[in-house]
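Input: a single structure, listed below in structure tokens.
On a predicted model such as this, the values are computed, not experimentally measured, just so you know.
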Amino acid sequence: MKKIVLLLCLLLPGTVSGQYSANNMLAIKEIHQGVVCDSCIVTMAGSINTAPDQVSFLTPNRDNQFLYTDSTLTRELATVDPSRFFIAMGSFSLDFYPFTRVLTSKRDTIPHLDLSSLQFRIRENGQLKRDWTDIALLPKDPDFYIGHADMNSFRDAPENVQTTPAEHYHAGQFALRLNESLHVEFRNRITLVSVYHFSITRVRSVPDYFNFVDFSSDKSFEEILNTEINRARKEQGPQASHFEIAAGHSALLRFSNHDQYYFFGKTPRNSGIEYAIGRPENWQRLGGESNVRYTTGYSYIYIDKPQAGETVRVFLRYRHQPESIHEVTVSVGYYPGTAKWVDWALGIVGVMLLVILSIFIQKQRHKRQLAKISHKKNEIENQLQLLSGQLNPHFLFNSLNAVQSLIRQKDPDAANLYITEVATFMRTIMDSGRKELVSLAEEIEVEERYIALEQKRKAFAYHFYNECGHDLAAIDFPPLLLQPIIENSIRHGLGEPVKNPALTITVRCTSTDLIVRIADNGIGYDTSVKPAGHGLSLTGRRIALINEKLPAMQIVLETRTAPGEGTATEIRLLKWLS
């Protein structure tokens with residue numbers, strides 16, 4: 001009897017010249033790449049009405065799922081609304097049929113409805129999807145074959161039954177997301193009077209119809225088969241989402257092969273349910289890959305001896321609605337005499353060990369970072385000392401050239417005095433060069449001694465302007481940073497005859513920055529042709545090292561020059577005063 005009932009769900013009546021023949025049924029089969037698959041029979045999914053003012057329609061789909069009225073959802077037949085329908089699958093065809101009965105018996109006929117007098121239109125989520133169209137102009141369904149055959153042939157070979165095409169009209173293929181809806185209206189194409197309307201809404205569907213069975217894990221597998229698995233369960237139906245079992249027990253989620261799709265898609269197939277344990281990933285089909293047709297058996301999800309105190313998470317979904325997931329949790333109790341505080345204490349100890357380990361690793365990482373920074377600092381300081389030491393021989397070489405020039409001029413007294421002043425100056429810059437920082441006042445004093453020595457060799461004017469408004473003795477400054485720039489201006493900028501040669505040093509301050517400008521009115525030079533001298537190269541390298549050591553207080557060197565226009569070099573010490 002159950003087999004016949006299920007068979008009727010698969011079939012609809014067919015037509016011959018506007019009427020059914022005796023004992024006729026309608027078969028729906030899938031079409032793949034234009035070819036009818038004789039073994040791919042799908043279930044009836046639609047509304048076949050006896051009322052003359054209603055239009056029969058089908059929603060065949062490859063998920064083999066049904067369409068339902070709201071009475072199926074509420075289980076109160078008094079609330080049936082003949083125009084409201086619900087689906088669980090996302091994609092389906094919509095086809096109109098000219099008959100109002102499911103099947104015909106001997107000496108019985110079913111009137112043919114003339115759909116050629118009707119037009120229809122479709123709105124999807126309130127938006128016009130298709131405007132008024134004559135039903136008679138619609139083609140056949142390209143994805144599903146609709147045919148009729150003798151009812152007796154289905155009893156013998158339902159998957160290979162011979163059919164002949166049946167009349168139907170294909171309105172389109174549709175795909176709805178959850179809570180989206182389709183609204184279809186019909187009217188007389190001549191009078192334009194409304195005839196009928198219906199809506200189809202996609203609603204949530206999850207596999208929550210099952211038995212929860214727990215049993216002692218001490219039982220043998222044979223005992224479980226005989227006494228637990230196949231025991232009748234009156235509580236079959238929507239289950240709670242949380243269960244508790246005793247320590248040492250196992251559990252089963254038992255699904256009836258006939259009731260797996262209870263609301264949405266009650267069909268003898270058990271491959272539609274998928275499950276995952278622990279996390280909603282790596283989904284598996286319930287019952288494997290094969291379909292189970294026309295059976296009254298069960299499929300199971302087995303939870304084998306979970307640990308005491310553990311919470312097992314089981315995730316369930318239908319293949320036709322993978323976005324809706326039903327979570328079932330199974331909490332396992334504790335063995336008698338085992339206090340929960342033991343687990344809590346072990347958990348707290350574990351957390352404390354993790355925290356201590358994390359702090360230890362962090363301290364070790366911090367130590368390595370400090371050692372690396374200290375090593376880098378020492379390396380930079382050594383390089384700065386080396387560069388400062390290179391400035392002294394550079395100045396000494398230039399001074400010896402000046403002494404040699406005085407001797408050639410046969411002025412031994414001037415040469416002797418110059419040597420004494422150079423020696424005194426060398427001692428000053430050697431003392432200054434050993435320091436990491438000196439005051440800006442000391443730096444200016446050292447540079448003015450050097451300028452005085454150079455003025456004895458060559459006549460030029462020197463001007464110093466303090467526009468800073470600060471006490472220069474209170475401002476730190478890298479020692480001998482200005483010396484190569486001043487030397488370059490005197491030796492090269494003022495080396496050739498220039499009218500009223502002059503060298504000017506100007507100190508300015510902003511709220512955060514210190515600016516020192518060294519300018520001469522000498523011959524200038526073309527920066528694209530003449531490279532920087534040795535002294536300026538050393539200065540550039542020193543600035544790069546200082547910037548690396550003090551990343552928050554950068555030094556910027558900028559030189560402006562052109563042939564015949566003199567040279568101006570500006571050193572900007574950014575955020576030096578903040």
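Using cut-offs of 30° and 60° on the angle between ring planes, the pair Trp283 and Phe315 is perpendicular.
A side-chain hydrogen bond (donor to acceptor under 3.5 Å, both in side chains) with Thr329 is found for exactly one of His242, Arg313, Glu244, namely His242.
Listed for the Arg317 side chain is no donor-acceptor partner under 3.5 Å among the backbone atoms of Ser324. Side-chain atoms of Gln321 never come within 3.5 Å of backbone atoms of Tyr318 as a donor-acceptor pair (strictly under, hydrogens ignored). Listed for the Arg130 side chain is a donor-acceptor partner under 3.5 Å among the backbone atoms of Ala171. A donor-acceptor pair under 3.5 Å links the side-chain atoms of Asn125 to the main chain of Ser181, judged by distance alone. Side chain of Arg202 to backbone of Leu176: a donor-acceptor contact under 3.5 angstrom is found. Checking side-chain atoms of Asp134 against main-chain N and O of Leu137 turns up no donor-acceptor pair under 3.5 Å. Put simply, the side chain of Asp214 never gets that close to the backbone of Ile245: no donor and acceptor are under 3.5 Å apart. Judged by distance alone, with hydrogens and angles left aside, the side-chain atoms of Ser56 form no donor-acceptor pair with the main-chain N or O of Pro98 at under 3.5 Å. Within the 3.5 Å criterion, the main-chain N or O of Asp63 finds a donor-acceptor partner in the side chain of Asn61. Remark: side-chain polar atoms of Glu281 are not paired, donor with acceptor, to backbone N or O of Ile277 under 3.5 angstrom.
Between the side chains of His148 and Thr163, not a single donor N or O lies within less than 3.5 Å of an accepting N or O. A side-chain N or O of His170 and one of Asp95 form a donor-acceptor pair less than 3.5 Å apart. A donor and an acceptor atom, one from each side chain of Glu30 and His32, are located under 3.5 Å apart.
Atom CD of Glu310 has more than 12 neighbouring heavy atoms from other residues, nucleotides or ligands inside a 6.0 Å radius.
At a threshold of 4.5 Å between non-hydrogen side-chain atoms, the residues Phe85 and Ser199 do not count as touching. Residues Ile361 and Ile359 have side chains not in contact (no heavy-atom distance under 4.5 Å, counting atoms from C-beta outward). At least one side-chain heavy atom of Leu118 sits under 4.5 Å from a side-chain heavy atom of Val195.
Note that CD of Glu124 is 13.5 Å distant from NE2 of His183, once rounded to the nearest 0.5 Å. Taking NE2 of His197 as the start and OG of Ser83 as the end, the distance is 4.5 Å to the nearest 0.5 Å. Going from atom CD1 of Ile146 over to atom CD1 of Ile28 covers 4.5 Å, rounded to the nearest 0.5 Å. With rounding to the nearest 0.5 Å, the separation of CD1 in Ile87 from NE2 in His320 is 9.5 Å.
Between Arg62 and Asp143 there is a salt bridge, since at least one side-chain N of the basic residue sits less than 4.0 Å from a carboxylate O of the acidic one.
Heavy-atom minimum distance, His326 versus Ser241: CE1-CB, 4.2 Å. A pairwise comparison of heavy atoms in Gln119 and Arg189 identifies CG-CB, 3.3 Å as the closest pair. The two residues Ile325 and Pro280 come nearest to each other via the heavy atoms CD1-CB, 4.3 Å. Ile273 and Pro207 get closest at one heavy-atom pair: CD1-CB, 3.7 Å. Taking both residues in full, the closest heavy atoms of Cys37 and Lys29 are given as O-CB, 3.7 Å, listed atom of the first, atom of the second, then distance. The two atoms that bring Phe86 and Val203 nearest to each other are CD2-CG1, 3.6 Å, heavy atoms only.
With ring centers used as reference points, Phe57 lies 6.0 Å or more from Phe96.
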- Task: Test Leu94 against Ile122 for side-chain contact (heavy atoms from CB on, under 4.5 Å), laying out the working first.
- Result: CA-CA 11 Å; Leu94 179 61; Ile122 298 177; 4.1 Å; yes
- Under the side-chain contact (heavy atoms from CB on, under 4.5 Å) criterion, do Thr133 and Ile135 qualify, and how do the steps go? CA-CA 6 Å; Thr133 304; Ile135 293 180; over 6 Å; no
- Message: Applying side-chain contact (heavy atoms from CB on, under 4.5 Å) to Arg123 and Leu182, what does each step give before you reach the verdict?
- Response: CA-CA 6 Å; Arg123 294 182 183 275; Leu182 206 67; over 6 Å; no
- Query: After noting the C-alpha distance and the side-chain angles of Tyr169 and Val55, does the key distance pass the side-chain contact (heavy atoms from CB on, under 4.5 Å) rule?
  - Reply: CA-CA 12 Å; Tyr169 303 91; Val55 177; over 6 Å; no
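With Tyr196 as the aromatic partner, Arg187 does not meet the cation-pi criteria of under 6.0 angstrom to the ring centre and within 45 degrees of the ring axis.
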